[in-house]
2 protein chains.
Amino acid sequence: MTSSTEASGRRPRTDKQRNRMHLLQVAEQHFTEHGVTSSLEAIAKRAGVGAGTFYRHFPSREALLAALLQARAEQLVARREAIRQQESDTTTALTLWLDALSEWATAFDGLPEPLRAAVTEDTSPLALTCQGYITTTDEFLHAARRDGGARPEVRGRDLFLGVLAMSWVRGAAMADEASPQALSALMRTGWAAPAASAETASNP
Amino acid sequence: MTSSTEASGRRPRTDKQRNRMHLLQVAEQHFTEHGVTSSLEAIAKRAGVGAGTFYRHFPSREALLAALLQARAEQLVARREAIRQQESDTTTALTLWLDALSEWATAFDGLPEPLRAAVTEDTSPLALTCQGYITTTDEFLHAARRDGGARPEVRGRDLFLGVLAMSWVRGAAMADEASPQALSALMRTGWAAPAASAETASNP
DNA sequence: CAACATACGGAGGCTGCCTCCGCTTTTTCA
DNA sequence: TGAAAAAGCGGAGGCAGCCTCCGTATGTTG
C-alpha cells in the first residue's frame, strides 16, 4: 500500500509514515475499547497529533476502518486458503468460512453497521473489501451447492448480508449467552422444521 | 395514556396536549422522510416549538419513538388477533406474525437499531414494547412447534432478533430487489439443504 | 380578575466533525 | 553543507446537533 495511490516519484516523508502507523495502532486500541463510533478527535488526541493530521491521513471514519481491516484481510485470506486446502467437505468449508467472516465482522463493536453501508455505497473505501468477501462467499457457496449441501436459491450476497446481520444482533445479545449461537444455527437451518415430504402436519 | 403516569389531580394544560399531538404528527412525518436519526431540533423547528418544549415532552429519541410506536402497537395487536382467529395453521400463523413484525420494524428508516438496543437495555422506553412482542412471538412459535412446524431448539427471542436483523439489512439491500425476500426465506429455511434427502436429488 | 401553577422559548454550554492556513520539518540539490 | 522548495503539521474556528436552564407567557382555579 505504501505510496501506491500516489503517482509521485517522491517517497513519502518519514514523519508521515510514522504518524500513520502510530494512528493505526492507537485507533485499533481505541476502537477495541470503545467501538467504531467513538470520537475521532479522541483518537487524534490520544495519538498526540492534531485533528488536521488525523484527517489528512484518514479523511473519514470509513477510510480509517478500511485501513484497519487491511491488516486483518491478510489473516482472513490466509484462513480462506487454509479452509480450501484442509477441508474436503464443501459444506463444512462454507460453514467455516461463514464463521471466519462472522469473527471478522465483529472485530470491533459496531463494525457491522459501516460494513452494511459499504455493501451498497460503492463510494465507501470499504466497498471493495466487502465485494471481495461476497465473491469468496459465493465461491464456497457454489462448491457446497454442487455437492448438494446448500439450497440452490440462496446467493452469496444474501449469506454475506446474513452474516453481517447476525453479527449486528450479537451486539445486543451479549447479555444472553445462547443467542449468538442460536442465531448462527437459525441462519443455517432456519426455524421451520424439516418437512421431509410435503405431508405437512395435519394433526397426527 | 393521558395523564396516566402523572399522579396529579390536575388535568394537563390544553396547550401541552396540543403540542404533544402536533409534535407526534410532525415527528412521524419527519422520520418517515428522513429516518429515525434525523435531527430532533429540526422536528421541533418544523413543529414551530422551541427545543425546550420538545425535550420536555420527549426526553430522548427513544421516548419519541416509543410514543410513535404506541399508535402502531394497536394495529399490530389487531393483526395478532386477526391471525389468531383466521389462521388455523399454526406454522402459517407464525409466518404471518413474523411478516407483521418485520413490517412494524421497518416503519421508519433506521428503526431496527434502537429496537435492538431496547431488547437489552431495560432502561429504554422501548424495552417494554419489545418484550411484549417477544412474548407474542414465543406464543406463536410454541403453537407451531406443537404442530411440528418449527424446530424445537429455536426460541422466540431469537426469532424476534432475527426479524430485527433482517429488517436492518433491508436498509442496505434496497438496491437489490431480491435480497429482502431472500433473507426472509433464509431465516425460514436456512441455507443448508435438507439433509434427510441429500441422496434423493430428484423428486416431488 | 387576580394569583397561582404550568408550560414555553430560545440562548448558551457542550461535544464532535471537519477545514483552512500559517508555521515547522524534511528533502532536494547545488 | 546550507539554503530553497516541497511536504506535512497543529489547532483555532466554523458548523451542527444534543440538551439544560430560567425568565417569561399562558392557561387554570376560585
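In the text below, chain A, chain B and the rest are named by the order of the sequence lines, each starting its count at 1.
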* Residue pairs, two or more places apart or on separate chains, that pass side chain to side chain donor-acceptor pair (under 3.5 Å) and touch residues 79-88 of chain B ->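 The answer is B:Glu81-B:Arg84, B:Arg84-B:Glu139.
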* **Residue pairs fulfilling side chain to side chain donor-acceptor pair (under 3.5 Å) with at least one residue in residues 45-59 of chain A, sequence neighbours excluded** =>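 Every pair satisfying side chain to side chain donor-acceptor pair (under 3.5 Å) with a residue in residues 45-59 of chain A: A:His30-A:Arg46, A:Glu33-A:Arg46.
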Heavy-atom side-chain contact between [X] and [Y] under 4.5 Å:
X: B:Gln29; Y: B:Val26; value: no
X: B:Trp168; Y: B:Leu111; value: no
X: B:Glu103; Y: B:Ser167; value: no
X: B:Leu164; Y: B:Val119; value: yes

* To do: Could you walk me through whether B:Asp109 and B:Thr32 pass the side-chain contact (heavy atoms from CB on, under 4.5 Å) test, one step at a time?
  => CA-CA 7 Å; B:Asp109 217 57; B:Thr32 298; over 6 Å; no
* Would you jot down, in residue-number order, the residues of residues 47-59 of chain B having a non-hydrogen atom under 4.0 Å from DNA chain C? =>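 DNA chain C contact set from residues 47-59 of chain B: B:Gly48, B:Val49, B:Gly50, B:Ala51, B:Gly52, B:Thr53, B:Arg56, B:His57.
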Taking N or O atoms only and anything under 3.5 Å, show me the protein contacts with nucleotides 2-5 of chain C, one pair per line.
{"unit_1": "C:dA5", "atom_1": "O4'", "unit_2": "B:Arg10", "atom_2": "NH2", "d": "3.3"}
{"unit_1": "C:dA5", "atom_1": "O3'", "unit_2": "B:Arg10", "atom_2": "NH2", "d": "3.2"}

* To do: Quick one: label B:Arg61 by what it contacts on the DNA or RNA (base, sugar-phosphate, nothing), any heavy atom closer than 4.0 Å.
  =>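 The answer is sugar-phosphate, as B:Arg61 gets under 4.0 Å only of primed atoms, P, OP1 or OP2.
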* Going by distance alone, is a donor N or O of one side chain under 3.5 Å from an acceptor N or O of the other, for B:Thr136 and B:Trp97? ->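 Side-chain D/A pair, B:Thr136 to B:Trp97: absent.
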* Is the number of heavy atoms from other residues, nucleotides or ligands under 6.0 Å of A:Gln181 CD greater than 12? ->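 No.
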* Once you round it to whole Å, what is the distance between C1' of C:dT26 and CD of A:Gln17? ->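 Answer to the nearest Å: 12 Å.
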* Asked: Can you tell me how far C1' of C:dC8 sits from CG of B:Asn19, to the nearest Å?
  ->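 It works out to 8 Å between those atoms.
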* Asked: Counting only non-hydrogen atoms, which of residues 23-42 of chain B are less than 4.0 Å from DNA chain D?
  ->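 Contacting residues: B:Ser39, B:Leu40, B:Glu41.
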Determine all donor-acceptor pairs shorter than 3.5 Å in which one atom belongs to a side chain in residues 140-150 of chain A; sequence neighbours excluded.
{"unit_1": "A:His142", "atom_1": "ND1", "unit_2": "A:Asp138", "atom_2": "O", "d": "2.8"}
{"unit_1": "A:Arg145", "atom_1": "NH2", "unit_2": "A:Val154", "atom_2": "O", "d": "2.5"}
{"unit_1": "A:Asp147", "atom_1": "OD2", "unit_2": "A:Thr90", "atom_2": "OG1", "d": "2.8"}

